[in-house]
Structure formats: structure tokens, C-alpha cells
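A quick write-up on the structure given underneath.
Source: prediction; values computed, not measured. When reading the values below, keep in mind they use all heavy atoms of this one structure, side chains included, and skip hydrogens, waters and symmetry mates.
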Amino acid sequence: MLASMMLLLATEQSTNTRCQSYVGQRVLHKNAGIVAAKMLSSVPRSKSEFETTANFVARQRAAVAALGSNPWILSRRVGDEAGLRYDADSESMIFDADLFNPWYAGYKRVMPEHVLDANQSGPLVSARGFYAVQSLGRKLGKNGFGAVTRFEVERVTEVGLVEGQGPGLFANGQKQVRVPMSPELAQRYRYNLSVAFVFEPQAPFVQEQMKLDKSATVDDPLETWHQYVLLRGDLRCALILTPDSIVLWATDTN
């Protein structure tokens, strides 16, 4: 028992050291939305009837490897949801912990039952990696009376980085993250920070689901589709980056 506890403690310390080693370093990071789009277009998601599972996964791994370094550092700009504010007395920038907590939206629509049992109540160990709204142009349609109208079509894309079932990064009820920062740096970086995750892609790598959120009407001529994309893998570290890609803060996500 003692030996196993010591091994667990050593593993935790090693992981924390690994994440802390990023602080102060300039890192090469990728926009999570761009990576998701590349994975959707290049990573096979259907196994041929005549190939083994091992061969199918090998094809997937080769496609992922072609996208570059592994693990990846996937980033997105910090938005209003971060609750950014500066505490001059402690010289620290304050973030809401929800910035790093589990990303729930749409995961049960995307994951097949054998991956996630719909009866399980636990959240996913996950993070919101990207959010964007894109216009898909216009098209013609008819209302119930046969009148022809022209309406706009838009797509809302959300990308989640998903590891599996678990309590989340700040399951202990922590509400805030404080990052030491001088007043000068805080004023310079306040609206230009990014959150990033060190992420190792793992099978099944990528999953997608499209859902019609809202049909167009004469009174509201806008049709909205929601695209959920899940990137599957190992979430290793959470980072906060400056505009010039320097890591200000890092923590273990396990």
C-alpha cells in the first residue's frame, strides 16, 4: 500500500513539474478550430468492411501524424466568459475557473452509446476549444402558403477537447484562477490572452454531429445549424499564453 501511494505521489509530482516547465517558455500552438477542420477533412472516420480495426486505426494515426507535432498545444482567445479582472493589491489577473472546467454542450449528441452511456451522470473531462459563427450564404424557401422568400443560413461551430469521464479540472469548487502579473503587463495583455491545452490525440480522434437549431420563418429569415466537433485524446496541461506565445501560467489537468 505504501509503495503504491509513493508511486502515485511521484507520478503527480512528475506531471506537475512537466506542466510547470512550460511557464516562461515560448510555445508553438495551434488554433483548435483550424486543427478540428483539418482533422474532419483528413482523418478517416469510417472503417471499410474489408479492413481490420487495427488497420483502420493505423490509417487514422497516420493522418493525425501528418498534421504535425504530438502532443499539440491547442489554443483559443480568451473571451468574455473568462470574467477577466485585475487585482492591483495582489498584482494578479483573475480568471473564472469555468474557463477550464468541463465543456458539456452537445457531447451526448455526438458520442455513440458505446463510447458514452447516456445513463451516466458524471461530466466529461473536457474543455471548450473553439467557438465560431459562420455565414453559409442565402437560399430560397417557401412558407406554408407557398410564398417564396430568401433567407440567410449560418453555422455555429463548437469544438471540444475530450478525455473521458471524470470530475473536471477544478472539481474542488475553486471559483477563480489567479495569475501573478504586474500592472504594466496586465494593461498590455488584458484583451489579448489565450487559453491553451497540451493535448495528445487518441482514438477515435475526432467525432462530429450537425444539428438544425432553428428554421427560418418569414418574421425571422435566419436558419441556424450547430456543428459539434469533439477532438478525443489526453488533456495534459492547461496554459495561459501572452500574445507573443509566452506561457504565463500552467497547471496539470489530470
Side-chain angles (χ1 to χ4, degrees), residues 19-39 68-69 71-106 125-136 152 154-162 168-170 172-199 213 222 224 226-231 235-253:
C19 294
Q20 287 299 316
S21 68
Y22 285 103
V23 176
Q25 303 296 316
R26 177 176 278 108
V27 295
L28 178 63
H29 55 102
K30 306 169 184 282
N31 179 279
I34 294 175
V35 170
K38 289 182 177 179
M39 289 187 73
S69 59
W72 298 331
I73 299 179
L74 300 181
S75 64
R76 67 177 174 87
R77 288 286 294 275
V78 170
D80 294 337
E81 84 286 0
L84 277 182
R85 53 208 178 276
Y86 188 70
D87 182 354
D89 293 331
S90 63
E91 293 198 357
S92 58
M93 186 71 81
I94 302 173
F95 299 77
D96 287 345
D98 285 345
L99 182 67
F100 304 97
N101 277 342
W103 177 89
Y104 296 99
V125 176
S126 60
R128 187 179 187 182
F130 182 78
Y131 178 90
V133 180
Q134 176 185 5
S135 173
L136 299 182
E152 301 283 343
E154 72 175 12
R155 180 178 65 203
V156 177
T157 298
E158 289 194 75
V159 177
L161 313 178
V162 180
L169 180 54
F170 293 118
N172 59 358
Q174 182 175 341
K175 301 296 184 183
Q176 297 177 345
V177 172
R178 288 177 174 265
V179 178
M181 195 178 299
S182 70
E184 294 76 22
L185 289 180
Q187 292 180 72
R188 184 190 308 172
Y189 294 148
R190 172 146 192 177
Y191 300 105
N192 298 287
L193 294 170
S194 295
V195 60
F197 293 88
V198 181
F199 184 76
D213 268 355
L222 177 65
T224 303
H226 211 123
Q227 179 188 35
Y228 297 104
V229 183
L230 302 187
L231 304 185
L235 279 162
R236 295 185 178 180
C237 306
L239 316 173
I240 291 177
L241 311 177
T242 69
D244 48 358
S245 304
I246 301 295
V247 179
L248 289 176
W249 174 90
T251 190
D252 171 32
T253 57

Would you say that Val177 contacts Thr251 through its side chain, given a criterion of any heavy-atom pair below 4.5 Å between the two side chains?
no

Candidate pair Val195 and Leu193, rule side chain to side chain contact (heavy atoms under 4.5 Å, CB included), full reasoning
CA-CA 7 Å; Val195 60; Leu193 294 170; over 6 Å; no

If only atom types and distance count, is the side chain of Tyr86 paired as donor or acceptor with the main-chain N or O of Met181 below 3.5 Å?
yes

Under the side-chain contact (heavy atoms from CB on, under 4.5 Å) test, which residues partner Ser194, sequence neighbours left out?
Arg77, Leu241

Heavy-atom pair with the smallest gap, counting every atom of Leu235 and Leu161:
CD1-O, 3.7 Å

Report the residue from Val156, Val159, Thr157 that forms a side-chain contact (heavy atoms from CB on, under 4.5 Å) with Gln227.
Thr157

Examine distances only and state if a side-chain atom of Glu91 and a backbone atom of Pro183 form a donor-acceptor pair shorter than 3.5 Å.
no

Going from CZ on Phe199 to CG on Leu231, what distance comes out if it is rounded to the nearest 0.5 angstrom?
5.5 Å

Run through Ile73, Asp252, Leu74 and flag the one making a side-chain contact (heavy atoms from CB on, under 4.5 Å) with Val198.
Ile73

When rounded to the nearest 0.5 Å, the distance separating CD1 of Ile246 from OH of Tyr189 is 7.5 Å

What is the minimum heavy-atom distance between His29 and Ser245, and which atoms define it?
NE2-OG, 3.0 Å

Any idea which heavy atoms bring Ala250 and Leu239 closest together, and the distance?
CB-CD2, 3.5 Å

Ser92 versus Arg178, closest heavy-atom pair with distance
OG-NH1, 3.1 Å

Can you tell me how far NE2 of His226 sits from CZ of Arg155, rounded to the nearest 0.5 angstrom?
11.0 Å

Is atom NZ of Lys30 surrounded by more than 12 heavy atoms (other residues, nucleotides or ligands) closer than 6.0 Å?
yes

Roughly how far, to the nearest 0.5 Å, is CD of Gln20 from CH2 of Trp249?
9.0 Å

What are the two closest heavy atoms between Leu84 and Arg190, and how far apart are they?
O-NH2, 2.8 Å

